[in-house]
Amino acid sequence: MATRSYKVPVGFLRTVSEVEIVESSRRSVQIEVTKRGGVKVRMPFGMGRETALGFLRRRADWVDAHVLRIRQQLGSNAQARGMSEAPFSEADLKALKKAARADLTERLKKWAPLVGVTYGTVSIRAQKSRWGSCSSAGNISLNCLLALTPEFVRDYVVVHELCHRKEMNHSARFWAEVGRVLPGFKEAKKWLRENGNALVARLPE
């Protein structure tokens, strides 16, 4: 069955900043919350994006509740998803750095225009003390362990560092900017708080 899919930004959901629209020859519109906590709107060809988004808006509370539930499950099932206690080998870290660079550089390209900033060089490192950092020159460093976190966590860390291009601190204005771009960021902070130490503990001494 032929389909057409694309992502569009939304401002009325608390948990996600964009949804995927999937058009096909189906007869009705359907909302799907994916197993990774993303949102898809499946609709018939010719229905029109605004009609589909209106359908989504009317069910915003239901969607947010389901996304939050899935994110909580992702956090509680972290060990079951492969986060063992075995230390990472050099080969593991090399693979993580490669995967993180491919993923996170794309996320920086995606989110920088939405934050309204530019950035300099990008470094991917295995770090025990932080998930990311941004220098006054706009150079960004990100932890390769992010490759093992859910997508919404990776988005949060990227947005967090990009927002430092506007506020080089953690003031109320900084957090307001993070919340403007990524309304559901507190769930990502919670995930890192509950699961991050288990990942960092696997880094070699």
Side-chain angles (χ1 to χ4, degrees), residues 3-23 31-43 49-50 52-53 56-57 60 63-64 67-68 70-71 74 95-125 127 130-135 137-168 170 173-192 196:
T3 62
R4 174 173 175 257
S5 65
Y6 50 92
K7 294 185 177 181
V8 298
V10 293
F12 52 84
L13 293 173
R14 293 185 296 109
T15 52
V16 297
S17 58
E18 67 176 16
V19 300
E20 183 178 358
I21 301 290
V22 181
E23 297 182 26
I31 299 171
E32 175 189 350
V33 178
T34 72
K35 64 181 180 180
R36 301 288 292 178
V39 177
K40 292 183 179 181
V41 180
R42 301 184 183 277
M43 70 179 198
R49 181 190 305 179
E50 294 306 315
L53 291 179
L56 178 64
R57 184 188 295 271
V63 172
D64 281 329
V67 171
L68 287 172
I70 287 175
R71 290 180 179 179
L74 285 171
L96 284 173
K97 289 176 182 179
K98 182 177 180 180
R101 178 169 292 281
D103 180 86
L104 298 174
T105 52
E106 288 303 311
R107 292 182 192 278
L108 284 165
K109 292 177 185 177
K110 166 190 167 182
W111 286 106
L114 297 175
V115 177
V117 298
T118 59
Y119 55 92
T121 61
V122 179
S123 300
I124 305 295
R125 300 171 179 166
Q127 296 177 292
R130 58 181 62 186
W131 294 103
S133 63
C134 179
S135 73
N139 298 324
I140 291 177
S141 176
L142 296 167
N143 197 320
C144 70
L145 297 181
L146 290 168
L148 296 174
T149 67
E151 185 173 3
F152 73 96
V153 173
R154 283 173 271 150
D155 279 338
Y156 160 66
V157 174
V158 165
V159 169
H160 182 117
E161 300 312 327
L162 287 171
C163 285
H164 278 312
R165 295 288 288 132
K166 290 186 173 181
E167 298 286 338
M168 287 296 291
H170 289 103
R173 288 199 305 178
F174 168 81
W175 290 113
E177 182 65 15
V178 175
R180 178 189 70 81
V181 181
L182 204 64
F185 76 92
K186 290 183 179 180
E187 286 302 311
K189 288 184 67 178
K190 179 181 178 183
W191 193 99
L192 287 172

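Residues forming a salt bridge (Lys or Arg N to Asp or Glu O under 4.0 Å) with Lys110 (at least two apart in sequence, or on another chain): Glu18. Judged as a side-chain contact (heavy atoms from CB on, under 4.5 Å), and not counting sequence neighbours, Ala176 has no contacts. With sequence neighbours excluded, no residue satisfies ring-ring contact (aromatic ring centres under 6.0 Å, His included) with Tyr119. Remark: Lys189 pairs with no residue by the side-chain hydrogen bond (donor to acceptor under 3.5 Å, both in side chains) rule, at least two apart or across chains. Partners of Glu177 under the salt bridge (Lys or Arg N to Asp or Glu O under 4.0 Å) rule, at least two apart in sequence or in another chain, are Lys166, Arg180.
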Between Phe152 and Val16, is a side-chain contact (heavy atoms from CB on, under 4.5 Å) present by the stated rule, with each step listed? CA-CA 8 Å; Phe152 73 96; Val16 297; over 6 Å; no

Apply the test side-chain contact (heavy atoms from CB on, under 4.5 Å) to residues Ile21 and Leu53: give CA-CA distance (whole Å), side-chain angles for both, the deciding distance (0.1 Å), then the verdict. CA-CA 9 Å; Ile21 301 290; Leu53 291 179; 4.2 Å; yes

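Formation of a donor-acceptor pair under 3.5 Å by the Arg154 side chain with backbone atoms of Thr149 is found in this model. No side-chain donor-acceptor contact under 3.5 Å links Asp64 to the backbone of Leu13.
Residue pairs that meet the salt bridge (charged side-chain N to carboxylate O under 4.0 Å, His left out) test with at least one member in residues 142-153, sequence neighbours left out, are Arg107-Glu151.
Shown are Trp131, Trp111, Phe174; of these, the ring pair (Phe, Tyr, Trp, His ring centres under 6.0 Å) with His160 is made only by Phe174.
Summarising the geometry of Gln127 relative to Leu142, their closest heavy-atom pair is OE1-C, 4.4 Å, with the distance given to 0.1 Å. Taking every heavy atom of both residues into account, Leu56 and Val19 meet most closely at CD2-CG1, 3.9 Å.
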